[in-house]
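We name chains A, B, ... by the order of the sequence lines, and we start the count at 1 in each one.
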Number of protein chains: 2
Amino acid sequence: MKWDALEEEPCSLARTVAVIGDRWSLLILRECFLRIRRFDDFQSSLGVTRHLLADRLKKLVRFGVLRKIPYQDAPKRYEYILTQKGLDLYPIIMSIVHWGNIHMVDSRGRPLLHEHKNCHKMFDPVMVCSECGEPLTAKAVHVHPGPGARRTIA
Amino acid sequence: MKWDALEEEPCSLARTVAVIGDRWSLLILRECFLRIRRFDDFQSSLGVTRHLLADRLKKLVRFGVLRKIPYQDAPKRYEYILTQKGLDLYPIIMSIVHWGNIHMVDSRGRPLLHEHKNCHKMFDPVMVCSECGEPLTAKAVHVHPGPGARRTIA
DNA sequence: ATTGACAGTTCTAAAATAGAACTTTAGGAT
DNA sequence: ATCCTAAAGTTCTATTTTAGAACTGTCAAT
């Protein structure tokens with residue numbers, strides 16, 4: 001299966017994976033949320049090759065996750081900032097970070113702590129149901145075909 | 001940078017990406033949450049090559065996300081089921097699905113709908129602060145170095 | 001004895017990635 | 001005028017990963 005085929009699948013996970021489902025895209029997005037915006041800053045903080053960085057930035061712009069904004073005129077230079085579509089990736093990034101915090105830390109503990117500006121406390125992200133507000137678990141969810149489901153073959 | 005190097009980074013996102021940060025691992029996990037458990041079922045529902053499927057399943061077992069459970073004796077056969085560590089990936093999977101539902105659906109709408117068994121309603125996942133319960137946004141979060149932070153070079 | 005299911009393994013060709021060097025545009029120092 | 005530096009890429013070759021198909025081994029059923 002080729003990468004482009006993923007975008008066409010009748011599956012919201014597959015289509016999202018087509019956008020962010022590779023290692024460098026996710027690491028680039030991490031940097032974006034940490035306020036990194038410029039090519040060389042991405043390159044030096046990530047250690048990604050310039051070739052791949054250029055490729056992934058182009059792809060993220062194409063998908064509308066990042067936007068190029070000029071920050072100087074001569075020579076013309078741009079920085080990459082998150083669009084609203086990109087900002088909406090925050091729950092994905094945070095849930096990835098949280099899983100790593102729980103399951104992948106070494107003896108020294110968490111690399112980063114997160115403070116919520118609303119309540120001024122260090123927090124963890126919790127995923128809840130939009131309707132009843134209870135925390136979600138896989139076992140408490142039942143899946144139904146939606147309007148965009150693939151029609152059954154037989 | 002090599003894949004193994006990711007696991008050593010002082011970053012919970014990078015370490016998680018070392019486990020699930022590739023296209024097939026994420027798609028395999030989707031199937032796991034949809035109750036797929038056996039090699040040939042993964043293979044036919046995903047269209048992944050058998051080679052890569054075997055490789056990824058091995059890796060997910062090695063990281064403790066899946067476990068092989070015998071389901072028949074002659075010949076010895078196993079199925080792959082999510083461990084607690086694997087079940088804890090649910091918020092990641094759901095937030096990926098949700099982003100796709102919002103930003104990647106075509107005119108036909110969502111491929112799947114999710115019903116919460118607690119409240120019997122179709123829901124969306126919402127990420128909230130563990131301390132105050134308010135929905136989280138990137139702009140409302142401030143990051144601090146934690147105990148496992150990389151010491152500054154200079 | 002032959003066929004089929006299941007769970008892989010092996011093989012070659014094609015694609016993606018790593019790593020380093022090179023290019024372009026322009027400002028400032030000598 | 002010439003050289004040096006900065007930023008943002010682009011180009012090149014070698015290595016690694018992936019795709020796609022065929023093959024292997026174990027056992028049950030016919």
Report the distance from atom [atom1] of [X] to atom [atom2] of [N], rounded to the nearest whole Å.
X: A:Arg23; N: C:dA16; atom1: CZ; atom2: C1'; value: 12 Å
X: B:Asp55; N: C:dA7; atom1: CG; atom2: C1'; value: 15 Å
X: B:Asp40; N: C:dT9; atom1: CG; atom2: P; value: 13 Å
X: B:Gln72; N: D:dG25; atom1: CD; atom2: C1'; value: 14 Å
X: A:Leu52; N: D:dT17; atom1: CG; atom2: P; value: 13 Å
X: B:Arg50; N: D:dT24; atom1: CZ; atom2: C1'; value: 12 Å
X: A:Ile36; N: D:dA8; atom1: CD1; atom2: P; value: 12 Å
X: B:Arg56; N: C:dG8; atom1: CZ; atom2: P; value: 16 Å

I want to check one thing: is the phosphate of [N], taken as OP1 and OP2, less than 4.0 Å away from some side-chain N or O of [X]?
X: A:Tyr71; N: D:dA8; answer: yes
X: B:Lys58; N: C:dT9; answer: yes
X: B:Trp24; N: D:dT17; answer: no
X: A:Lys59; N: C:dA16; answer: no

For A:Glu9, does its backbone N or O pair with a side-chain atom of A:Arg15 as donor and acceptor, under 3.5 Å?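 Here the side-chain-to-backbone pair exists.
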
Is there a donor-acceptor contact under 3.5 Å from the side chain of B:Trp99 to the main chain of A:Gly86?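 No, B:Trp99 side chain to A:Gly86 backbone: no donor-acceptor pair under 3.5 Å.
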
When you measure only distances, ignoring hydrogens and angles, does the side chain of A:Arg38 come within 3.5 Å of the base of D:dA7 through a donor and an acceptor?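 Answer is no: no donor-acceptor pair is held.
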
Would you say the side chain of A:Arg77 and the base of D:dA8 hold a donor-acceptor pair, judged only by whether the two atoms sit under 3.5 Å apart?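 No such pair is found, so the answer is no.
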
When the nearest nucleotide of DNA chain C is assigned to A:Ala74 and to A:Val48 on a heavy-atom basis, which residue is associated with the more 5' position?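 Upstream on the strand: A:Val48.
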
Any chance the rings of B:Tyr71 and B:Tyr78 have centres within less than 6.0 Å?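 No.
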
Measuring centre to centre across the rings, with the benzene-like ring taken for any Trp, is A:His142 within less than 6.0 Å of A:His144?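 Between A:His142 and A:His144, the centre distance is under 6.0 Å.
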
Pick the closest DNA chain D nucleotide for A:His51 and for A:Tyr78 by heavy atoms, then say which residue is nearer the 5' end.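 Residue closer to the 5' terminus by nearest nucleotide: A:Tyr78.
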
Scan B:Tyr80 against the nucleic acid and name what it touches under 4.0 Å (heavy atoms): base, sugar-phosphate only, or nothing.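 Answer is sugar-phosphate: B:Tyr80 comes under 4.0 Å of backbone atoms only.
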
Could you check B:Arg38 against B:Glu79 for salt bridge (Lys or Arg N to Asp or Glu O under 4.0 Å), going step by step and ending with a plain yes or no? CA-CA 5 Å; B:Arg38 298 185 185 178; B:Glu79 48 189 18; 2.9 Å; yes

